[in-house]
Number of protein chains: 2
Amino acid sequence: MPEKDSFDLQQFLPYLLNQAAERSSLEFQQVYKDRYGMLRTEWRVLFHLGLYGKMTAGGIGQSAKMHKTKISRAVHRLADRRFLTRARDEADRRVEHLELTAQGRKAYAELREIAMEYDAALTAQLTPEENAVLRGALRKLARISA
Amino acid sequence: MPEKDSFDLQQFLPYLLNQAAERSSLEFQQVYKDRYGMLRTEWRVLFHLGLYGKMTAGGIGQSAKMHKTKISRAVHRLADRRFLTRARDEADRRVEHLELTAQGRKAYAELREIAMEYDAALTAQLTPEENAVLRGALRKLARISA
DNA sequence: ATGTAATAGTTGTTTTTGTAACTAACAAGG
DNA sequence: CCTTGTTAGTTACAAAAACAACTATTACAT
């Protein structure tokens, strides 16, 4: 494939980011998909609840930068499968507090283990310097504060 | 948001990659979407043809790691809008050679300009070291050779 | 009070994607 | 030649995502 002009697609950051993100997402997706028939939206909700405890749909949306309709549907599916419970806030009856059930926590614990192993496998492909710089740079680009 | 266990979602590489990729894709997408009503699959095809000249659908698929059905549909839409022409290979009548029209090349040139500016804006958010290491690491993770 | 706006979340409809099955053309062994 | 297998690309159908319009509730200014 001869290059014809000065632009290099393989160095174009959005393109590179997508290639890397797609590859790693797809590989990790196999786990929660095969194991629990879960979608990416669903594991994201599950992980937020598993990690931070009780949250509202809106809170998850802010943190995960997911649209509220995606969350609404993911919450529905997770509730159907008894992975979480929903409780209306009595002070403000618009908001719902979501919380994992025992079953949900079990799934989370299991997936978290696998996530950590998978992350370690990715990490192992890079040098320590690359790992540190990579994560920092990604956070800047994603504008994640903490 | 108090942390409850040792796992850190904000450091989990597939998650970080997705956040960064989504953000940058979305921003750049506005350009080709607003300007040409183009989808991401379409600009990828356009960029490949603009950059490498005549290619087949299969060749683009290999390089962009896109499924052939996505390419097939993107090529259709681009052909409908007269951005590219399709020519059967006479030696092997299964393959089609795709090539940008004048109009396609014009769109490519314009989008390439914007892509370079956008890449420069992203690059400016990072230190030179971060830029070098980031791109290298992403290529490793995406398993892009060259 | 009461009309207007804002917020939390849901639902409906349209696009886009994923998956699998398909057609057409070639290749290679008997 | 014919069967069997492979490859390029398309099409059909199902799953998921995007987008807009909606309900219910609260906030807030008159």
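Predicted model, so just to flag it, every value in this text is computed and none were measured. Residue numbers begin at 1 in each chain, while the letters A, B, ... track the order of the sequences.
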Please state whether the rings of B/Phe28 and B/Tyr32 are parallel, tilted or perpendicular, taking 30° and 60° as the class boundaries.
perpendicular

Atom CG of A/Asp89 and atom P of D/dA24: how far apart are they, to the nearest Å?
19 Å

Answer with base, sugar-phosphate or nothing: what part of the nucleic acid does A/Arg88 contact at a heavy-atom distance below 4.0 Å?
nothing

Please give, in whole Å, the distance from D/dT7 C1' to B/His67 NE2?
13 Å

Under 4.0 angstrom, heavy atoms only, what part of the nucleic acid is B/Thr69 near: base, sugar-phosphate, or nothing?
base

Are any of A/Lys68's side-chain N or O atoms less than 4.0 Å away from OP1 or OP2 of D/dA21?
no

Atom-to-atom span, CE of A/Met38 to P of D/dA15 - whole angstrom:
18 Å

Indicate the ring-plane relationship of B/Phe12 and A/Trp43, choosing parallel, tilted or perpendicular according to the 30° and 60° boundaries.
perpendicular

Sub-4.5 Å side-chain heavy-atom contact between A/Met38 and A/Arg77:
no

Side-chain N,O (B/Arg86) to OP1/OP2 (D/dT10) below 4.0 Å:
yes

Value in whole Å for how far the P atom of C/dT14 lies from CZ of A/Arg73:
14 Å

With a 4.0 Å cut-off on heavy atoms, is A/Ala74 in touch with a base, just the backbone sugar-phosphate, or nothing at all?
nothing

Just checking B/Ile71: base, sugar-phosphate only, or nothing, at a heavy-atom cut-off of under 4.0 Å?
nothing

Quick check on C/dG18: is either OP1 or OP2 less than 4.0 Å from any side-chain nitrogen or oxygen of B/Lys70?
yes

Scan A/Thr85, A/Asp89, A/Thr56 and name whichever one has a side-chain hydrogen bond (donor to acceptor under 3.5 Å, both in side chains) with A/His97.
A/Asp89

Look at all strands and tell whether A/Arg77 reaches a base, only sugar-phosphate, or nothing, counting heavy atoms closer than 4.0 Å.
nothing

Between B/His76 and D/dT11, is there a side-chain N or O to OP1/OP2 distance below 4.0 Å?
yes

B/Thr41 or B/Arg94, whichever maps to the more 5' nucleotide of DNA chain C:
B/Thr41

